[in-house]
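Take a look at the structure set out below.
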Amino acid sequence: MLGIVFTSLIDMLEDKVSPEFADEVIVEANLTNDGAYTAVGYYPFEEMQKIVGILVQKTGKSANDLLRDFGYYLFGKLSTVHGDVLAGADDVLHMLEYLDGDIHVQVRKLYPDADLPRFTVISRTDSTMRLRYYSERELYPLAEGLMDGAAHYFDCELERETHQLDTPHTYEFSLKVIS
Ligand code: HEM
């Protein structure tokens, strides 16, 4: 998993709680490199699972809630560092429509080893979309937070529902722009 995901997660803990809290989490998660991540390095996904596991213990929140909060925060980071890849998008659904065929394609060019999920647009109107998500990591709550963060970036709000499909590792988001 790309380092920017880890550096953003640690930044979130420092910003939203405190640098001391971030240090405690790093120590308790017993990370292989003591949490010394760089944005362009690659690290095992298990490291992120360890960090989330410690956060579950320390905050009492569920892993899904934590991943959703983190997705929201992460979109802010990604849009700052990679604002250029969003340049062609007019609104949140437009951006999600081009996520798989354009945004993550550009990401893959920058970071050839990135492990990216697959998104497929199932249906689309001006204000609604059904978007299918496939990833063996099943980080659908992270995707939910990223979508909410994207909605905030485009100055609107999304009403959304998530359904797990019978196909393994596959979820479908029903989205509606409500303001
Ligand atoms: C500025 C726009 C975006 C950029 C630059 C971006 C870039 C990235 C990067 C660098 C990763 C990490 C890959 C790795 O771990 O190796 C990633 C993962 C991911 N991205 Fe995006 N992303 C963007 C927007 C979004 C949005 C809006 C969604 C929500 C639907 C999304 C869904 C995901 C998910 C769920 C993952 C985790 C990997 C997985 O599910 O297996 N991304 N993205």
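Position 1 is the first residue of the sequence, and the numbers go up from there. Order of appearance sets the numbers: ligands from 1, and atoms from 1 within every ligand.
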Numbered atoms and elements of ligand 1 in range of [X], under 4.0 angstrom, heavy atoms:
X: M95; result: 27 (C)
X: M147; result: 29 (C), 30 (C)
X: P117; result: 19 (C), 33 (C), 34 (C), 36 (C), 38 (C), 39 (C), 40 (O)
X: Y133; result: 35 (C), 39 (C), 40 (O)
X: L116; result: 11 (C), 13 (C), 17 (C), 18 (C), 43 (N)
X: D115; result: 13 (C), 14 (C), 16 (O), 38 (C)
X: V5; result: 12 (C)
X: L99; result: 24 (C), 25 (C), 26 (C), 28 (C), 29 (C), 30 (C), 31 (C), 42 (N)

Does atom NE2 of H152 have more than 12 heavy-atom neighbours from other groups under 6.0 Å away? no
So for R137 against ligand 1, with non-hydrogen atoms under 4.0 Å, the contacting part is side chain
Polar atom proximity, [X] to ligand 1 (N or O, under 3.5 Å):
X: H104; answer: yes
X: Y111; answer: no
X: L2; answer: yes

Of all the non-hydrogen atoms in the protein, which one sits nearest to [atom], and at what distance?
atom: atom 7 (C) of ligand 1; answer: V107 CG2, 3.6 Å
atom: atom 3 (C) of ligand 1; answer: I103 CG2, 3.8 Å
atom: atom 39 (C) of ligand 1; answer: S135 OG, 3.4 Å
atom: atom 4 (C) of ligand 1; answer: L78 CD1, 3.8 Å

- request: Would you indicate whether the side-chain heavy atoms of Y134 and E136 approach each other to under 4.5 Å?
  value: yes
| Y43 and N33: side-chain donor and acceptor closer than 3.5 Å? | no
Which of N64, T170, T162 passes side chain to side chain donor-acceptor pair (under 3.5 Å) with Y140? Answer is N64
Margin query: Looking at R160 and D148, is there a salt bridge between them, counting it only when a charged N and a carboxylate O are closer than 4.0 Å?
Written below: yes
Check: Does even one non-hydrogen atom of F45 get within less than 4.0 Å of ligand 1?
Finding: no
Do any heavy atoms of F119 fall under 4.0 Å from ligand 1? yes
In this structure, CG of D11 is separated from CZ of F6 (nearest 0.5 Å) by 13.5 Å
#### Entry: Donor-acceptor contact present, side-chain K50 to main-chain N30, <3.5 Å
yes
Whether the side chain of R118 engages the backbone of D100 through a donor-acceptor N/O pair (distance < 3.5 Å, no angle test) should be reported.
no
Residues passing the salt bridge (charged side-chain N to carboxylate O under 4.0 Å, His left out) test with K58, sequence neighbours excluded, are E24, E28
Worksheet item: Taking the six-membered ring for Trp, are F75 and Y153 parallel (under 30°), tilted (30 to 60°) or perpendicular (over 60°)?
Response: perpendicular
Judged by heavy atoms only, the candidate from V85, L146, D148 nearest atom 31 (C) of ligand 1 is L146
For F119, the ring-ring contact (aromatic ring centres under 6.0 Å, His included) test, sequence neighbours excluded, returns Y133
Partner of R124 under side chain to side chain contact (heavy atoms under 4.5 Å, CB included), picked from L96, L175, L93, is L93
